[in-house]
Amino acid sequence: MSHFLNELNPVQRAAAKTTEGPVMIIAGAGSGKTRVLTYRIAHIMEKGVDAFNILSLTFTNKAAREMKDRIAKIVGPTEAKNIWMGTFHSIFAKILRIEANKIGYPNNFTIYDTDDSKSVIKEILKQFNLDDKTYKPSMVLNRISDAKNKLISATQYLNNPITQQEDFSSRKPMLGKVYEAYQKRNFKAGAMDFDDLLYQTNILLRDFPDVLLKYQNKFRYILVDEYQDTNFSQYVIIKQLAARFQNICVVGDDAQSIYGFRGANIQNILNFEKDYPDLQTFKLEQNYRSTKNIVGAANQIIANNKDQFKKIVFTDNEEGQKLKVIKASTDNEEGKKVVDSIFEIRMQQQAMNSHFAILYRTNSQSRAFEEAFRRLNIPYKIYGGVSFYQRKEIKDLLSYFRLTINNSDDESLKRIINYPARGIGQTTLDKLTVSAAEHDISIFTVLTNLKDFNLGINAGTTNKINDFVMQIKSYSLTVKYKDAYELANHIAVNTGIVKELYSDKTPEGVSRYENIQELLNGIKDFVEQKRTPQEEEVNDIIKQSLVKDESQLFAEQSNNDLKTLDEFMQEITLLTDVDKESDDERNADKVSMMTVHASKGLEFPYVYVVGLEENLFPSQLSITSRADLEEERRLFYVAVTRAEKQAFLCFATMRYRFGNVTYCEPSRFIEEIDSTFLEYPQVAETPTFNDNLFDKFRNDYSDISEKETSFNTTSINFGGAKKTNPGINFTPAKKLVSLTSRLNSPSASPVDVSLNQSLQLNDFVMHEKFGRGQITILEGKWPETKATINFEGNGTKNLLLKFARLSKI
DNA sequence: AGCCCCGGTGAAGTC
DNA sequence: CACCGGGGCT
């Protein structure tokens with residue numbers, strides 16, 4: 001037996017050594033499962049299996065990277081790189097790149113993110129004349145997503161009396177039709193949404209037995225991490241791929257299943273035995289991460305759930321500190337107390353900032369902590385929230401990239417056809433969209449053959465469209481023979497985006513410009529990294545499978561080592577929040593803040609679980625159903641088990657939510673832990689309503705309360721209060737003007753502004769808002785005539801005569 | 001064509 | 001409070 005396996009405990013070692021046949025590893029929190037997976041893969045390779053025949057599915061790309069690094073230390077870096085390892089989405093996106101043509105998609109298909117998907121849905125709703133309040137796009141998308149993750153096609157959906165009945169009684173009978181149109185439209189655009197990456201993989205493996213056989217033979221050893229969070233679609237893919245050799249190893253912990261809301265099915269793990277009767281099961285129950293107090297408390301938490309595998313997690317680690325309960329009266333005070341505690345421990349224990357994590361239920365909770373950190377000058381980083389890639393300027397530029405790569409991508413085209421402004425307006429775009437839909441082709445196809453469609457677009461606009469088409473085509477032609485950075489930079493400059501943002505010197509403009517630069521720098525880094533062996537493999541295969549046509553000549557002439565823009569785009573869409581962290585950020589000594597969901601798989605010496613209040617954690621959306629509440633409890637279990645040395649449970653009795661203050665009860669989850677594991681605040685505060693509650697608020701919201709004197713005692717609402725300053729009578733000038741004008745002319749009669757055509761220099765005019773004035777400058781030809789008018793008491797205004805309501809005096 | 005202001009409305013977690 | 005879509009204004 002090789003020496004690295006000796007580092008494992010007996011159960012771990014047995015699990016790592018059982019390489020043949022179906023294996024299930026139930027791995028409690030902190031039980032060293034990554035270590036087992038790592039050694040298991042190393043062991044498989046040591047037995048002579050080629051790394052290219054191993055498929056390992058992880059929850060984040062970061063986890064894959066770390067595991068590869070660890071395997072590299074055992075088997076050497078070259079071999080480790082050859083393992084197919086990554087998230088479900090990124091691995092099967094790669095396979096779909098290779099096989100896309102078989103199911104009718106182009107190899108360079110676009111991946112739509114949630115925003116794109118919603119935008120497609122909105123348009124379909126418009127087309128079907130459906131009210132987007134009844135059919136909320138996010139709800140429609142969820143419903144479609146659910147169906148796809150259960151492998152229900154649009155046709156099956158429409159033919160299923162149960163779903164039809166459901167939709168009918170919820171007064172959304174058209175959902176099936178919307179689903180059908182959505183799939184059709186995305187197909188036409190050569191686009192897949194996130195769920196399609198799994199759904200279409202299933203179609204591929206189902207309809208092409210030769211393809212299935214190819215990948216069954218390729219992936220002789222399959223490992224799936226975080227198996228408890230797989231959905232039906234993923235389950236079927238795995239089952240299909242493993243059917244031939246049955247060397248399938250799934251690792252998971254039913255106690256940590258927290259993605260039910262996106263279709264994860266805890267039954268996948270509970271039923272694994274039924275699928276593979278000769279299954280061998282290993283339970284890793286020894287926790288190496290946390291103290292006895294943390295493990296004990298976590299066990300008690302999860303014991304409240306009915307639906308679970310029985311296992312006993314234990315640890316030989318030290319007793320450690322009790323879990324400390326921190327009680328605050330407001331959300332802001334919670335922020336202060338937590339940050340003070342971090343400050344104190346950092347000093348006393350010589351801890352680093354990066355040893356601390358704050359975990360919350362919802363992203364919006366981060367604000368109070370940010371403010372507190374800034375006050376004490378403690379560096380922090382936030383995972384998730386509004387992503388860099390969601391920013392307008394970034395999405396705009398990325399849309400150019402996407403359209404360049406895939407001309408059929410209508411979503412991208414619509415976003416940028418008139419950005420920067422080039423005089424192709426909504427009216428024109430509507431004509432184009434309608435025409436494309438009628439002929440069942442992409443908008444870009446309509447653009448390239450504009451003269452055949454007779455859309456009544458005038459000559460000027462036609463020219464502008466032709467320029468746009470030429471511009472995009474010129475980019476598209478170079479995708480394969482320019483590197484990603486060169487092309488991206490060219491597009492950024494050539495479109496005028498860089499110039500436009502550079503000339504905007506407002507703080508927002510400067511930040512937008514910097515973001516573009518950051519994106520371009522990121523692309524530069526990408527170009528400088530070498531391809532992984534999988535990427536090489538995918539590249540080679542795609543090239544062989546390509547139809548030889550003119551554009552392919554370019555591809556063949558292209559330099560193979562060039563990393564291209566389409567490769568970059570493939571990579572970034574599928575990054576998780578944790579993956580998006582840059583190297584600099586990763587190494588920076590900062591406190592981490594994230595949702596509990598994002599914290600899965602991570603560990604920190606000190607963890608603060610915050611906002612432990614009824615209706616927040618557990619969320620109010622979960623407390624009516626047993627299943628949801630149990631998932632919520634598992635989420636709490638995940639949060640607590642991230643901690644190595646000490647966990648803190650924090651709550652506030654009042655919280656600023658939805659613009660006003662709400663009163664909160666401590667979470668039931670705290671009470672579920674036996675008090676022997678807990679340390680409560682020493683001074684028992686029992687604030688009652690008259691117990692200087694307002695003073696509390698004055699301190700917490702000092703910037704408001706110093707000036708705001710009239711509290712409403714029955715409902716304390718600070719909504720908008722921050723903007724009001726009673727000391728200075730602050731009413732925006734413009735508002736005042738429009739108010740007085742409304743008072744002065746309550747029923748302004750419509751004016752025929754073409755009368756303005758006859759106005760001349762130095763004429764006196766009357767304006768309904770600005771009053772009496774004299775024309776000092778007239779420029780431009782009607783109807784573009786612009787007048788500069790000096791109004792008495794209201795200063796000089798520049799007005800377009802065709803719009804301005806003027807009368808001559 | 002594009003900006004601005006208003007009012008209505010919504011807010012869990014994610015690849 | 002933050003985001004949005006609609007409508008009015010220039």
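In the text below, chain A, chain B and the rest are named by the order of the sequence lines, each starting its count at 1. Being a predicted model, the structure only gives us computed values, none of them experimental.
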Donor-acceptor under 3.5 Å (A:Gln365 side chain, A:Thr362 main chain): yes
Kindly say whether A:Gly456 contributes a backbone atom to a donor-acceptor pair with the side chain of A:Lys431 at under 3.5 angstrom? yes
Find the distance [X]:[atom1] to [N]:[atom2] and express it as a whole number of Å.
X        : N      : atom1 : atom2 : value
A:Gln620 : B:dG13 : CD    : C1'   : 13 Å
A:Leu197 : B:dT14 : CG    : C1'   : 14 Å
A:Tyr383 : B:dT14 : OH    : P     : 14 Å
A:Asp579 : B:dC15 : CG    : P     : 8 Å
A:Lys122 : C:dC3  : NZ    : C1'   : 11 Å
A:Asp131 : B:dT9  : CG    : P     : 11 Å
A:Asp132 : B:dT9  : CG    : P     : 12 Å
A:Asp196 : B:dT14 : CG    : P     : 21 Å

If each of A:Leu575 and A:Arg657 is mapped to the nucleotide of DNA chain B with the nearest heavy atom, which maps nearer the 5' terminus, i.e. the 5' end? A:Arg657
Residue met sooner reading DNA chain B from 5', once A:Gly384 and A:Ala421 are mapped to nucleotides: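 Nearest nucleotide further toward 5': that of A:Ala421.
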Remember a base hit wins even if backbone is also touched, and classify [X] as base, sugar-phosphate or nothing at under 4.0 Å, heavy atoms.
X        : answer
A:Thr362 : sugar-phosphate
A:Asn418 : sugar-phosphate
A:Thr573 : nothing
A:Asp195 : nothing
A:Phe88  : nothing

Closest to the [X] side chain: [options]?
X        : options                : result
A:Phe194 : B:dC15, B:dG2, B:dT14  : B:dC15
A:Thr595 : B:dT14, B:dG2, B:dG10  : B:dT14
A:Arg361 : B:dA12, B:dG2, C:dC1   : B:dA12
A:Thr427 : C:dG5, B:dA1, B:dT14   : B:dA1
A:Arg367 : B:dA12, C:dC1, B:dC15  : C:dC1
A:Tyr259 : B:dC15, B:dA12, B:dT14 : B:dT14
A:Arg262 : B:dA12, B:dG10, B:dT14 : B:dT14
A:Asn363 : B:dA12, C:dC1, B:dG13  : B:dG13
A:Thr576 : B:dC15, B:dA12, B:dG2  : B:dC15

For C:dC4 versus B:dG13, give the span between their P atoms, rounded off to a whole number of Å. 16 Å
Least distance between heavy atoms, A:Lys148 atom then A:Asp193 atom: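 Closest heavy-atom pair between A:Lys148 and A:Asp193: NZ-OD2, 2.8 Å.
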Do A:Ser233 and A:Asn149 pair up side chain to side chain, a donor and an acceptor below 3.5 Å, judged on atom types alone?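 A:Asn149 and A:Ser233 do not have a side-chain donor-acceptor pair below 3.5 Å.
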Distance only, no hydrogens: is a donor on one side chain within 3.5 Å (strictly under) of an acceptor on the other, for A:Asp131 and A:Thr134?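 Checked: A:Asp131/A:Thr134 side chains pair up, N/O donor to acceptor below 3.5 Å.
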A:Glu631 side chain reached by A:Phe261 side chain, heavy atoms, under 4.5 Å: yes
Answer yes or no as to whether B:dG13 has its base stacked against A:Phe261, where stacking requires a ring-centre separation under 5.5 angstrom and planes under 30 degrees apart. yes
